[in-house]
Amino acid sequence: MLQNKHNLILILLSVILLCQISKAQNDISIPYSSLGVGIVNKASNGILNGMGGTSYAMQNPYYINFRNPASYASFDSLSFVADAAASIYSSNLQSNDIRQKNTYARPDYIAIGLPVTRHWRTSVGVVPFSTVGYSVTNKKSFEDIGDVTYNYSGNGGIHQLYWGNAFRICKGLSIGLNASYMFGSLYNYSNTEFEGSHFYNTHIDDSYFLDGIYLTGGLQYFFNIKTNHRIGIGAVYSNTAYIWAKEKLLVNYYEGTYNTYTTYDTAYYDNATHGNVHIPQSVGAGLSYTYKDKLTIAADVTWQNWNKYNFMGHGDSLTDAISASLGAQFIPDPLSPKFFKRMAFRIGAKYSTGDFIILNKPISEFGVSLGVGIPLTTFNTHSNINILFEYGKLGTLADDLIKQNYFRFTLNFTLQEKWYQRMKLD
């Protein structure tokens with residue numbers, strides 16, 4: 001039977017409620033998300049994000065590392081693992097003459113992990129793949145027409161519902177595969193409004209609905225070089241995904257403003273276009289070092305050829321990207337009965353050359369993070385709350401481009417409980 005069943009249900013319901021609240025408040029504002037399929041999620045779980053997002057060579061029975069499916073092999077044979085997180089962002093968008101502040105919240109992921117057989121472990125979860133949210137206004141003056149205002153906005157994103165399986169091949173060696181069902185919607189809106197009354201204004205609602213399959217394979221190998229010194233090697237490969245896409249297009253001609261307009265004419269194309277979205281392949285590798293389960297240092301590098309991206313027969317302002325991350329974790333005494341000695345302290349940094357390219361300039365990203373893990377004695381010594389603080393920069397002010405500075409606060413909960421427990425009779 002399940003141990004602490006009522007507590008488990010309460011926590012899972014609380015996590016789901018937290019994610020739904022965060023989803024309702026999701027309102028990102030990043031102009032670069034208008035490119036491709038939006039801002040692609042490169043994050044790990046709530047624990048590994050505190051280490052800069054390093055994950056390829058990380059393995060632990062008490063959390064779910066969905067970035068490398070081979071890591072599921074470390075799940076305890078009698079335990080159930082639940083892992084979920086939500087974040088609050090505070091961002092500052094800046095150009096050479098304009099500043100804009102924005103705060104929003106959103107769920108990061110929710111996942112569970114289970115043992116199946118002696119050598120087989122499985123995991124199921126929902127993870128965001130990309131997010132779209134932007135609003136841009138541009139005003140121009142023409143001699144024969146007058147002032148014309150162009151408004152561009154969009155929202156939506158793609159999610160991954162994954163099912164992962166890992167198998168232990170021999171001592172220290174494991175392989176795994178995530179099969180993800182990709183689904184989501186991308187909404188793009190544009191308005192063209194003339195200041196005078198001699199022209200009809202135009203509003204275009206161009207929506208895309210996507211779904212498809214995405215596969216990620218992983219490999220991990222761990223070995224000891226000396227007593228208490230452990231080395232981990234990991235590698236991940238994601239295939240080129242062909243996501244099915246369906247377009248719906250609505251065009252309105254109107255007078256006045258778009259909020260209170262009189263429609264002159266409407267053109268509606270339902271399922272006007274079908275096609276594929278090509279998500280390019282990616283390759284990643286990582287290395288980790290652990291001493292007595294107290295100190296862990298890890299590093300990752302990833303390459304993805306976004307230059308091969310294709311959206312229904314069209315490319316975009318994307319380029320091949322290389323990203324790297326480095327992180328460390330320190331636990332004073334993992335086996336100590338004292339609460340503070342079992343706390344985990346994390347630090348990390350990450351850098352990406354950037355997927356987007358504007359005016360021949362890659363839009364790079366840099367971030368640093370601090371994290372802390374707090375044990376929860378209500379359940380057992382392996383359940384905890386993790387808190388993350390991250391500061392990052394995306395973009396540049398050069399050539400009149402846009403730079404974003406952001407602060408991120410993440411709350412992560414991991415629960416590890418006995419899956420089966422034998423009843424004892426006195």
Side-chain angles (χ1 to χ4, degrees), residues 43-49 51 53-84 109-127 160-180 214-225 228-239 282-293 296-300 302 327 329 334 344 373 380-384 412 414-420:
S44 303
N45 67 23
I47 293 174
L48 298 177
N49 280 338
M51 301 173 63
T54 53
S55 55
Y56 296 143
M58 298 294 289
Q59 187 181 96
N60 193 292
Y62 310 126
Y63 61 71
I64 301 173
N65 176 11
F66 44 79
R67 290 291 302 278
N68 190 337
S71 67
Y72 309 149
S74 66
F75 294 160
D76 184 78
S77 61
L78 298 176
S79 297
F80 164 92
V81 183
D83 197 340
Y109 64 89
I110 184 167
I112 60 173
L114 302 169
V116 181
T117 67
R118 181 180 178 184
H119 300 287
W120 176 16
R121 304 290 187 267
T122 191
S123 176
V124 178
V126 178
V127 180
Q160 293 177 261
L161 173 61
Y162 79 85
W163 177 34
N165 294 277
F167 301 89
R168 188 173 298 280
I169 304 303
C170 60
K171 183 179 179 181
L173 177 64
S174 61
I175 60 172
L177 177 69
N178 278 346
S180 299
Y214 191 50
L215 301 177
T216 299
L219 171 73
Q220 287 187 333
Y221 180 61
F222 292 86
F223 59 94
N224 295 325
I225 53 176
N228 299 322
H229 297 267
R230 189 183 189 214
I231 298 295
I233 301 171
V236 169
Y237 173 76
S238 296
N239 72 314
S282 67
V283 179
L287 185 68
S288 67
Y289 163 77
T290 302
Y291 173 69
K292 286 188 175 180
D293 291 329
T296 300
I297 301 173
D300 284 352
T302 308
Q329 174 182 267
N380 58 41
T381 57
H382 304 305
S383 297
N384 52 72
N412 162 251
T414 61
L415 171 69
Q416 190 262 354
E417 287 289 326
K418 293 296 181 182
W419 186 238
Y420 293 104

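Heavy atoms only: backbone and side chains are in, while hydrogens, waters and symmetry mates are out.
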Give a yes or no answer on whether the side chain of Asn65 reaches the backbone of Ser55 with a donor-acceptor pair at less than 3.5 Å.
yes
Which distance, rounded to the nearest 0.5 Å, do you find between the OG of Ser383 and the CG of Leu415?
4.5 Å
Closest heavy-atom pair and its distance - Pro61, Asp76:
CB-N, 4.1 Å
Any side-chain heavy-atom pair of Leu173 and Leu219 under 4.5 Å
yes
Using modelled atom types and a 3.5 Å cut-off, is there a donor and acceptor pairing between side-chain atoms of Ser174 and backbone atoms of Phe167?
no
Who passes side-chain contact (heavy atoms from CB on, under 4.5 Å) against Thr54, sequence neighbours left out?
Met51, Ala298, Asp300, Ser325
Can you find a pair of side-chain heavy atoms, one from Asn412 and one from Asn45, that are under 4.5 Å apart?
no
So side-chain hydrogen bond (donor to acceptor under 3.5 Å, both in side chains) across residues 110-121, not counting sequence neighbours, yields Trp120-Asn165
For a 4.5 angstrom cut-off between non-hydrogen side-chain atoms, does Asn384 reach Ile47?
yes
Do Ser71 side-chain atoms and Gln59 backbone N/O form a donor-acceptor pair below 3.5 Å?
no
Partner set under side chain to side chain donor-acceptor pair (under 3.5 Å) for Ser288, not counting sequence neighbours:
none
Among all residues two or more places apart in sequence or in another chain, which pass the side-chain contact (heavy atoms from CB on, under 4.5 Å) test with Phe223?
Tyr221, Ile225, Ile231, Ile233
Tyr162: what forms a ring-ring contact (aromatic ring centres under 6.0 Å, His included) with it, not counting sequence neighbours?
none
Residues two or more places apart in sequence or in another chain: which of them pass side chain to side chain donor-acceptor pair (under 3.5 Å) with Asn228?
none
Heavy-atom closest contact (Asp293 atom, Pro334 atom, distance):
O-CG, 3.4 Å
Rounded distance [0.5 Å steps], CG in Leu114 versus OG in Ser123:
8.0 Å
Tyr291: partners by side chain to side chain donor-acceptor pair (under 3.5 Å), with sequence neighbours left out:
none
List the atom of Gly232, the atom of Ala57, and the distance in Å for their closest heavy-atom pair.
O-CB, 3.6 Å
Looking only at heavy atoms, the pair that brings Gln160 and Ser180 closest together is NE2-OG, 3.3 Å
More than 12 heavy atoms of other residues, nucleotides or ligands under 6.0 Å from CG of Asn224: yes or no?
yes
Shortest non-hydrogen contact from Gly46 toward Tyr109:
N-OH, 2.9 Å
Any side-chain donor-acceptor pair under 3.5 Å between Tyr214 and Asn178?
no
Separation of Ile110 CD1 from Asp83 CG (nearest 0.5 Å)
9.5 Å
Heavy-atom distance under 4.5 Å between the side chains of Phe66 and Leu48, does that happen here?
no
Could you work out, with side chain to side chain donor-acceptor pair (under 3.5 Å) as the rule, every residue matching Thr302, not counting sequence neighbours?
Tyr56
Residues in side-chain contact (heavy atoms from CB on, under 4.5 Å) with Ala166, at least two apart?
Tyr72, Ala73
Not counting sequence neighbours, which residues clear side-chain contact (heavy atoms from CB on, under 4.5 Å) with Tyr62? List them please.
Asn60, His382, Gln416
